[in-house]
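Since the structure comes first, as structure tokens, the remarks are kept for the end.
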Amino acid sequence: MTVRTRFAPSPTGLLHIGGVRTALFCWLYARRHHGSFILRIEDTDRERSTPAAVQVILDGMDWLGLHPDEGPFYQTARYPRYREVIRQWLDEGKAYHCYCTKDELEAMRNAQLAAKAKPRYDGRCRERRDPRPGITPVVRFRSPDEGEVVVEDRVHGDVVFRNAELDDLIIERSDGNPTYNFCVVVDDYDMRITHVIRGDDHLNNTPRQINMLRALGVEPPVYAHLPMILGPDGTKLSKRHGAVSVLHYREQGYLPEALLNYLARLGWSHGDQEIFSLAEMVELFDLDHVNKAASAINPDKLAWISQQHLMRAQPARVSTELAWQFGQLGVEVVGGPPLEAIVLAQRERAKTLQEMAQNSRYFFCSPEGYDDKAARKHLVAEALPLLAQTRAALAALPDWNAPAIHAALEGLAAAAGVGLGKVAQPLRVAVTGGSVSPPIDQTLAIIGHEATLARIDRAVAWVATGGGPGA
RNA sequence: GCUCCCAUCGUCUAGAGGCCCAGGACACAGCCCUCUCAAGGCUGGUACGAGGGUUCGAAUCCCUCUGGGAGCGCCA
């Protein structure tokens, strides 16, 4: 039997880390077993579903490369099918009309809560024969009164629920719209889903769904309920921390495979391995090593993984992403140094593409000013003679490349009887505006011969005129 | 309140009775490398929630407790 998994988000909020992790596991499992991954939009809540939210889901999945083999399917497009099943169940006595008003339901609920009982529908309309005038009924599924349902879960093991705990849930609202638990069942059946992989907040819904599946005459699929993902502080994911759209991660400069790698390690493991390429994840993923406990997001670790992927990715691809980041910063890169050289020089000193771009402005523009602390230490009168010598030596260089620059600077330092740092730091501040950059030879090589000399001149003049604001 | 789930370093996790006085990773501290910052290497500290069992032997199995979480909607 071919594996068929599905990711079924509802377009009522944003697609965040938690949803993405679920999507990832579904996708990985399907890929791993050469099956199909299906995307289904659960938009039966017409009040809260928005086209914008659908678009975010689609864009997010697309960016991450979690492409569905089938779909997206929209539940709102399947209403005729749901009605067909409901009609059939009504005919077979598996479902019935309920004329209780919201007020009555509310009263029932309060009474049960007051009696310290679990609030649930008592089934009072089960045997009702006649409609109540003026009330449009809902349709309820007739849940078994006795026995128990066993959810055979791939991550939790067998979980047993007594049917006595379950009540008759509404499957069609009074406005004619079908409800979630019911649609899921019909869809998973129609779409021949073999493995339902979802958040464990759905574990409690599962016995009801199994009962409905059986009413349809079929046996349930394999279930795997994933633990929740929590915010950095260990509490539920909220807007305050972590519950931001996945697309935020793109803007902040994370590579999709880095985010996916991080998410894969949240709840899944393969021994001690931390870094996985997409191909490795597909090859190694399995449900047996999915953890049962909830896990908290750790931004530091995500950043570290991000950098690991930045260092491993093809420079050409990283360049493309970097160009976008420069665009965001308003830095014109056309006509400047090749981006690949910058990637190679900067990738081990940036956690994200955004950070890389921010730290690389000086490759394209002269510093607008000098870092205060750095200037006070290195751009001072005493440093001028050596800086002037450096300028002369660099000006005389016939070939402008890192090894040649390096040799020149080394020679200068040796002749002056100082360490390379004495030469490099003033130069670095003059040319980049700060005290941090890739190795000075590489930095100068990328900036270019002319620009380097011009910037040294500016710095010398700046020192000569007593410093002051600006460069 | 009822039902269900969960429980190893601060965090992510390895661990499927002896290989564990518990391993890896992030973070943190120190050292090395070094023109700065990184990257990399080395070293260090910190964890099996508590109590009972079972067993020659338990982080691993069972029970109770405690602590977290989820569900109990004409939301998904």
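Numbers restart at 1 for each chain; the letters A, B, ... are given by sequence-line order, proteins then strands. Bear in mind the structure is a predicted one, so any value in this text is a computation, not a measurement.
- Between Phe25(A) and Trp268(A), the ring center distance fails the sub-6.0 Å criterion.
- Pairing for U36(B) is absent, with no Watson-Crick or G-U wobble pair whose two atom distances lie under 3.5 Å.
- OP1 or OP2 of A14(B) has at least one side-chain nitrogen or oxygen of Ser269(A) nearer than 4.0 Å.
- Base pairing of C74(B) is not made with any nucleotide, judged by Watson-Crick or G-U wobble geometry with both donor-acceptor distances under 3.5 Å.
- Ion pairing between a basic and an acidic side chain is recognised when a charged N comes within 4.0 Å of a carboxylate O; Asp371(A) and Lys373(A) show no such pairing.
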Close N or O pairs between protein and nucleotides 3-7 of chain B (under 3.5 Å):
| residue | atom | partner | partner atom | Å |
| --- | --- | --- | --- | --- |
| C5(B) | O3' | His156(A) | ND1 | 3.0 |
| C6(B) | OP1 | His156(A) | ND1 | 3.4 |

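- Qualifying side chain to side chain contact (heavy atoms under 4.5 Å, CB included) partners for Ser10(A), counting only residues two or more places apart in sequence or in other chains: Thr12(A), Glu42(A).
- Donor-acceptor pairing under 3.5 Å, judged by distance alone, is absent between the side chain of Asp201(A) and the base of A76(B).
- Contact annotation: Arg109(A) reaches the phosphate of G73(B) (side-chain N/O to OP1 or OP2, under 4.0 Å).
- Taken to the nearest 0.5 Å, the CG atom of Asp300(A) stands 9.5 Å off from the CG atom of Leu302(A).
- For the segment residues 302-311 of chain A, residues with any heavy atom less than 4.0 angstrom from an atom of RNA chain B are, sorted by number, Trp304(A), Gln307(A), Gln308(A), Met311(A).
- Using a 4.0 Å heavy-atom distance criterion, Pro207(A) is classed as making no nucleic acid contact.
- Heavy-atom contacts from other residues, nucleotides or ligands closer than 6.0 Å to OH of Tyr99(A) number more than 12.
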Could you go through the side chain to side chain donor-acceptor pair (under 3.5 Å) check for Asp168(A) and Tyr96(A) one step at a time? CA-CA 9 Å; Asp168(A) 296 345; Tyr96(A) 61 93; 2.6 Å; yes
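- A centroid separation of 6.0 Å or more is found between the aromatic rings of Tyr262(A) and His309(A).
- Contact annotation: His270(A) side-chain N/O to U13(B) OP1/OP2 distance is not under 4.0 Å.
- Picking from U11(B), C74(B), A76(B) the nucleotide with the shortest atom distance to the side chain of Ser10(A) gives A76(B).
- The base of C37(B) lies close enough to the side chain of Arg349(A) for a donor and an acceptor atom to sit less than 3.5 Å apart.
- If you check every strand for non-hydrogen atoms under 4.0 Å, Ile440(A) touches a base.
- Residue Thr179(A) places none of its side-chain N or O atoms closer than 4.0 Å to OP1 or OP2 of G73(B).
- Atom name C1', nucleotides C9(B) and A22(B): the rounded distance is 10 Å, in whole Å.
- Nucleotide A7(B) forms a pair with U66(B), judged by Watson-Crick or G-U wobble geometry with both contacts under 3.5 Å.
- Between the NZ atom of Lys422(A) and the C1' atom of U34(B) there is a distance of 16 Å, rounded to whole Å.
- Out of U13(B), U36(B), G24(B), the shortest distance to the side chain of Lys301(A) is found at G24(B).
- Rounding to whole angstrom units, CG of residue Asp233(A) and C1' of G68(B) are separated by 13 Å.
- In summary, Arg132(A) and Glu104(A) engage in a salt bridge, as defined by a charged side-chain N under 4.0 Å from a carboxylate O.
- For Glu274(A), the listed nucleotide lying nearest its side chain is G24(B); candidates were C12(B), C74(B), G24(B).
- Under the Watson-Crick or G-U wobble criterion, with both distances below 3.5 Å, C28(B) is paired with G44(B).
- Relative to the side chain of Leu266(A), the nucleotides A76(B), C12(B), U36(B) differ in distance, and C12(B) lies closest.
- For Ser435(A), whose side chain is taken as the heavy atoms from C-beta onward, the closest listed nucleotide among U36(B), G1(B), A76(B) is U36(B).
- Across all strands shown, A22(B) remains unpaired; no Watson-Crick or G-U wobble contact has both distances below 3.5 Å.
- Here the P atom of nucleotide G73(B) and the CG atom of Asp167(A) are 7 Å apart, to the nearest Å.
- Under a cutoff of 6.0 Å and an axis angle of 45°, Arg140(A) and Tyr121(A) form a cation-pi pair.
- Nucleotides of RNA chain B nearest to Glu410(A) and Glu172(A) differ in position, and the one nearer the 5' end is that of Glu410(A).
- For the pair Leu66(A)/Phe7(A), no side-chain contact is recorded, criterion being any heavy-atom separation below 4.5 Å from C-beta on.
- With salt bridges taken as basic N to acidic carboxylate O contacts below 4.0 Å, one links Asp190(A) and Arg78(A).
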